[in-house]
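Predicted model, so just to flag it, every value in this text is computed and none were measured. Counting starts at 1 for both ligands and their atoms, in listed order.
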Amino acid sequence: MDNIRIAEMFNRMARLLEFKGENQFKTRAYTNAARTIKGLDEELQVLHKEAKIEDIPGVGKILKGKIVEMLETGTFESYEKIVEEVPPGIIEIMNIPGIGPKKARLFYEKLGVESVDELKKAAKDHRIRRLPRMGEKQEEKILRSIIRLEEDKDQGRHPLALGMEIAEEIKDELSSCPHIKKVTIAGSLRRKRDTVGDIDLIAISEEPEKAVAFFTNMKNVEEVLESGISEASVLYPENFRVDIRMVRKDDFGSMMQHFTGSKEHNIHLRELALSKGYRLNEYGFTNEGTGNLIPCDQEKSIYEFLGLDHLPPEIREDRGEIEASLRGHLPQLIEKEDIKGDLHVHSNWSDGINTIEELAEAAIQRGYEYIAITDHSQSTVVANGLSEKRLLEHIDAVERINDKCDDISILSGSECDIKTNGKLDYSNDILERLDIVIVAVHAGLEQSRRKMTGRIVSALENEYVDIVAHPTGRKFGKRPPYDVDIETIISVAKDNDKVLEINSSPWRLDLNDINAKKAKENGVMLAINTDTHAIDHFDNIIFGIDVARRAWIEPSDVINTMNLKQLCSRFGISK
Ligand code: DGT
Ligand code: CA
Ligand code: CA
């Protein structure tokens with residue numbers, strides 16, 4: 001179990017306890033511990049091996065015992081017990097945006113609601129509005145949230161980062177198999193889609209049956225779903241399906257092309273091949289006239305044969321890449337090395353775990369020219385947001401540290417809340433003093449489309465605002481995007497010369513590829529930021545880059561590919 005999963009279990013436990021009406025101190029101990037764990041630099045697994053769990057600050061003895069229990073058994077007894085007691089649908093209800101444990105309990109006690117379907121029915125039958133502290137508006141909100149959840153396309157899919165981690169682990173294990181020469185990632189994972197349905201692997205093997213047997217017997221396989229002469233599918237923990245196909249060296253190129261997809265891209269390629277008199281499949285090109293097969297051991301031969309550039313996997317979605325290549329207009333996709341700094345970083349002044357100095361040091365190690373320290377604003381109490389007074393001290397502290405630091409420029413910033421009424425969380429007098437103002441929505445996520453859009457639009461119209469962080473608010477496994485008219489946001493951003501963020505946090509990836517592409521096409525600049533809360537998070541930049549590449553984004557579309565001088569002139573910073 002990794003830290004993220006352990007923290008997640010503690011958060012779930014807290015919600016279950018709250019549902020049961022346990023006292024606040026008990027629930028808070030779990031949420032606090034979860035927050036501490038998420039911020040740890042080191043994996044608990046490692047700390048446990050070194051007998052250092054005891055040394056974690058801010059987590060009580062009892063909860064430390066439960067951490068050890070989870071590391072050793074994958075769960076803990078009191079959690080299993082409470083899960084038994086609470087109807088399973090309640091957990092889903094508590095995950096609906098705008099409904100916490102307290103409301104779930106109210107619906108359960110007063111209406112006997114035990115599942116999302118029952119809740120939907122109760123809302124439709126107007127039984128919610130009659131409950132204490134509820135009303136027509138509340139009822140409508142709940143119905144809207146449920147419908148949006150049902151429409152969420154990411155349900156049942158897994159975040160890219162998790163897929164990558166497991167795929168690398170499997171590749172490692174397969175590297176010790178004597179019957180496998182080479183293993184490569186294919187499918188949506190190779191295309192770096194933000195969520196993946198499963199993991200697709202291609203392996204070169206002269207002994208496919210033995211290779212399949214090795215694969216189905218890997219240590220973490222929970223179930224073998226299918227197993228054939230040259231292919232197999234297994235189930236990994238967390239319901240992660242892994243497909244493998246053993247191929248001959250001579251077919252490797254055509255197999256890779258086929259299993260990388262996407263399906264739509266492949267269909268388009270096949271049409272192109274047919275127009276040239278060839279049938280294309282995973283074994284190569286077949287001449288329609290002679291029936292001769294031309295195998296391809298290299299993927300690039302497929303594209304060459306069709307008169308195309310070797311298209312980067314990230315853009316193989318049939319979103320115009322084939323036409324662009326035929327016209328010689330492919331974008332020069334951005335790369336990690338183009339990034340010169342990070343403009344969304346949290347320190348221990350709010351809910352980050354590192355000092356400004358530590359963050360600066362980590363950014364220097366990554367070769368950055370600048371970072372902006374953007375701690376939370378006062379409304380975000382749970383994240384220890386800064387009052388105006390503390391923000392002024394923060395600005396001084398950043399300046400002091402920056403003066404001492406030759407190797408990097410530290411900009412003073414804020415991740416300022418856009419409040420539910422559309423007002424910003426600090427006065428303009430204060431915002432004016434900051435180098436970088438990022439604005440973001442953190443509360444009132446269930447507002448109507450009109451309200452939410454208006455709220456962000458009014459922030460974009462503020463002259464001191466520079467960037468909108470995670471513009472749609474989605475979090476994988478937690479909530480779909482809030483209801484917002486992204487076209488309007490993009491056009492108002494353009495009119496006001498504002499920047500939209502691609503947030504690289506593996507749980508957000510927001511803007512997504514489709515919206516980021518729209519932003520680019522409408523001439524809006526993007527920032528690829530990590531939203532770092534602990535120094536390791538700087539490395540999440542690769543996931544933001546993946547999104548950007550899928551969005552056809554080039555270095556010149558991204559504000560933080562600028563050097564310090566250009567950046568300062570763009571944002572009017574005197575440094
Ligand atoms: P996912 O798993 O939903 O995240 O998305 P993919 O793209 O990885 O899809 P998957 O795992 O079903 O199939 C892997 C690749 O195999 C896919 O990207 C393209 C190829 N493929 C699958 N089904 C078809 C099909 O019906 N026609 C064609 N031309 N290719 C297909
Ligand atoms: Ca797949
Ligand atoms: Ca698959």
Colleague: I need the nearest protein heavy-atom contact for atom 29 (N) of ligand 1: residue, atom name and distance, please.
Modeller: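 Checking every protein heavy atom, the shortest distance to atom 29 (N) of ligand 1 gives Asn266 CB, 3.5 Å.
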
Colleague: Please name the atom of Asp198, restricted to N, O or S, that is closest to the Ca ion (ligand 2).
Modeller: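 This residue's closest N, O or S atom turns out to be OD1.
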
Colleague: Tell me whether Glu206 is salt-bridged to Arg248, with the criterion being a basic N under 4.0 Å from an acidic carboxylate O.
Modeller: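 Looking at Glu206 and Arg248, the cut-off is not met.
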
Colleague: Which heavy atom in His158 sits nearest to a heavy atom in Asn239, and how many Å separate them?
Modeller: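 Distance-wise, the nearest heavy atoms are NE2-O, 3.5 Å.
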
Colleague: Is atom 12 (O) of ligand 1 in close reach of the protein, with a heavy atom under 4.0 Å away?
Modeller: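 No.
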
Colleague: May I ask you to check if ligand 1 and Arg191 share an N or O to N or O distance below 3.5 Å?
Modeller: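 Such a contact does occur with ligand 1.
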
Colleague: In terms of residue, atom name and distance, what is the protein heavy atom nearest to atom 23 (N) of ligand 1?
Modeller: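 It is Lys263 CD, 4.3 Å.
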
Colleague: As an exercise, identify every atom of ligand 1 less than 4.0 angstrom from a heavy atom of Val196.
Modeller: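 Those of ligand 1 that fall under 4.0 Å from Val196 are 4 (O).
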
Colleague: Arg270 near ligand 1, heavy-atom distance under 4.0 Å?
Modeller: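 Yes; Arg270 lies near enough to ligand 1 that a heavy-atom distance drops under 4.0 Å.
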
Colleague: Does a donor on one side chain and an acceptor on the other come within less than 3.5 Å for Asn220 and Glu169?
Modeller: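 A donor-acceptor contact under 3.5 Å links the two side chains.
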
Colleague: Mark the output for Asp243 as yes if a heavy-atom distance to ligand 1 is under 4.0 Å, and as no if none is.
Modeller: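 Under 4.0 Å: no for Asp243.
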
Colleague: Where on Ser262 is there a heavy atom closer than 4.0 Å to ligand 1, on the side chain, on the backbone, on both, or on neither?
Modeller: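 It is the backbone that gets close, since no side chain atom is under 4.0 Å.
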
Colleague: Minimum heavy-atom separation for Ala551 to Asp513, with atom names?
Modeller: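 Closest approach of Ala551 to Asp513: CB-O, 3.3 Å.
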
Colleague: Under 4.0 Å from a heavy atom of Thr260: which atoms of ligand 1 are those, numbered in the order shown and with their elements?
Modeller: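 Contacts of ligand 1 toward Thr260, numbered from 1: 18 (O).
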
Colleague: Please name the pair of heavy atoms, one in Ser230 and one in Val212, separated by the smallest distance, quoted to 0.1 Å.
Modeller: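 Scanning both residues, the minimum pair turns out to be C-CG2, 3.9 Å.
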
Colleague: Could you report the tightest heavy-atom contact between Ile541 and Thr530, atom names first, then the distance?
Modeller: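 Scanning both residues, the minimum pair turns out to be N-CG2, 3.6 Å.
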
Colleague: To which protein heavy atom is atom 3 (O) of ligand 1 closest, and what is the distance rounded to 0.1 Å?
Modeller: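 Its nearest protein heavy-atom neighbour is Arg157 NH1, 3.0 Å.
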
Colleague: Specify the closest pair of heavy atoms between Met94 and Leu16, including all atoms of both residues, with the distance to one decimal.
Modeller: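 Shortest heavy-atom separation between Met94 and Leu16 comes out as CE-CD2, 4.1 Å.
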
Colleague: Can you find a protein heavy atom closer to atom 15 (C) of ligand 1 than 4.0 Å?
Modeller: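 So atom 15 (C) of ligand 1 has protein heavy-atom neighbours under 4.0 Å.
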
Colleague: Could you tell me the residue and atom name of the protein heavy atom closest to atom 6 (P) of ligand 1, and the distance to it rounded to 0.1 Å?
Modeller: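 For this ligand atom, the closest protein heavy atom is Ser188 N, 3.8 Å.
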
Colleague: Hydrogens and angles aside, do His442 and Glu415 bring a side-chain donor and acceptor to less than 3.5 Å of each other?
Modeller: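 On atom types as modelled, these side chains qualify, holding a pair under 3.5 Å.
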
Colleague: When you measure from the side chain of Ser504 to the backbone N and O of Asn529, does any donor-acceptor pair fall under 3.5 Å?
Modeller: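 Confirmed, Ser504 side chain pairs with Asn529 backbone.
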
Colleague: Just let me know how Leu189 lines up against ligand 1, side chain, backbone, both or neither, with a heavy-atom cut-off below 4.0 Å.
Modeller: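 No part of Leu189 is near ligand 1 at this cut-off.
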
Colleague: Considering only protein heavy atoms, which is closest to atom 10 (P) of ligand 1, and at what distance to one decimal place?
Modeller: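 Its nearest protein heavy-atom neighbour is Asp200 OD2, 4.2 Å.
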
Colleague: Kindly identify the option in Ala186, Gly261, Gly197 whose heavy atom sits closest to atom 18 (O) of ligand 1.
Modeller: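 Answer by nearest heavy atom: Gly261.
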
Colleague: Any protein heavy atom under 4.0 Å from atom 27 (N) of ligand 1?
Modeller: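 Yes, at least one protein heavy atom sits under 4.0 Å from atom 27 (N) of ligand 1.
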
Colleague: Under a 4.0 angstrom heavy-atom cut-off, which atoms of ligand 1 come close to Gly187?
Modeller: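 It comes down to these atoms of ligand 1: 8 (O).
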
Colleague: In the protein, what heavy atom is nearest to atom 21 (N) of ligand 1, and what distance, to one decimal place, separates them?
Modeller: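 Its nearest protein heavy-atom neighbour is His258 NE2, 4.2 Å.
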
Colleague: Looking only at the aromatic ring of each residue, does the gap between the centers of Phe305 and Tyr278 stay below 6.0 angstrom?
Modeller: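 That pair passes the under 6.0 Å test.
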
Colleague: Would you find more than 12 non-hydrogen atoms of other residues, nucleotides or ligands less than 6.0 Å from Arg449 atom CZ?
Modeller: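 Counting other residues, nucleotides and ligands, CZ of Arg449 exceeds 12 neighbours.
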
Colleague: To the nearest 10 degrees, how large is the angle at the Ca ion (ligand 3) between Asp243 OD2 and Asp200 OD1?
Modeller: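 Nearest ten degrees: 90°.
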
Colleague: Hey, does the Lys NZ or Arg CZ of Lys517 hover above the aromatic six-ring of Trp552, less than 6.0 Å from the centre and inside 45° of the axis?
Modeller: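 Yes, a cation-pi geometry.
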
Colleague: Looking only at protein heavy atoms, which one is nearest to atom 2 (O) of ligand 1, and what is the separation?
Modeller: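 In this structure, atom 2 (O) of ligand 1 has Asp198 OD1, 3.0 Å as its nearest protein heavy atom.
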
Colleague: Taking the side chain as every heavy atom from C-beta outward, state whether Ile502 and Asp510 have any atom pair closer than 4.5 Å.
Modeller: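 The answer is no, as the side chains (C-beta and beyond) never meet within the 4.5 Å cut-off.
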
Colleague: Which atoms of ligand 1 have any heavy atom of Phe259 under 4.0 Å away?
Modeller: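 Matching atoms, with element in brackets: 14 (C), 15 (C), 16 (O).
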
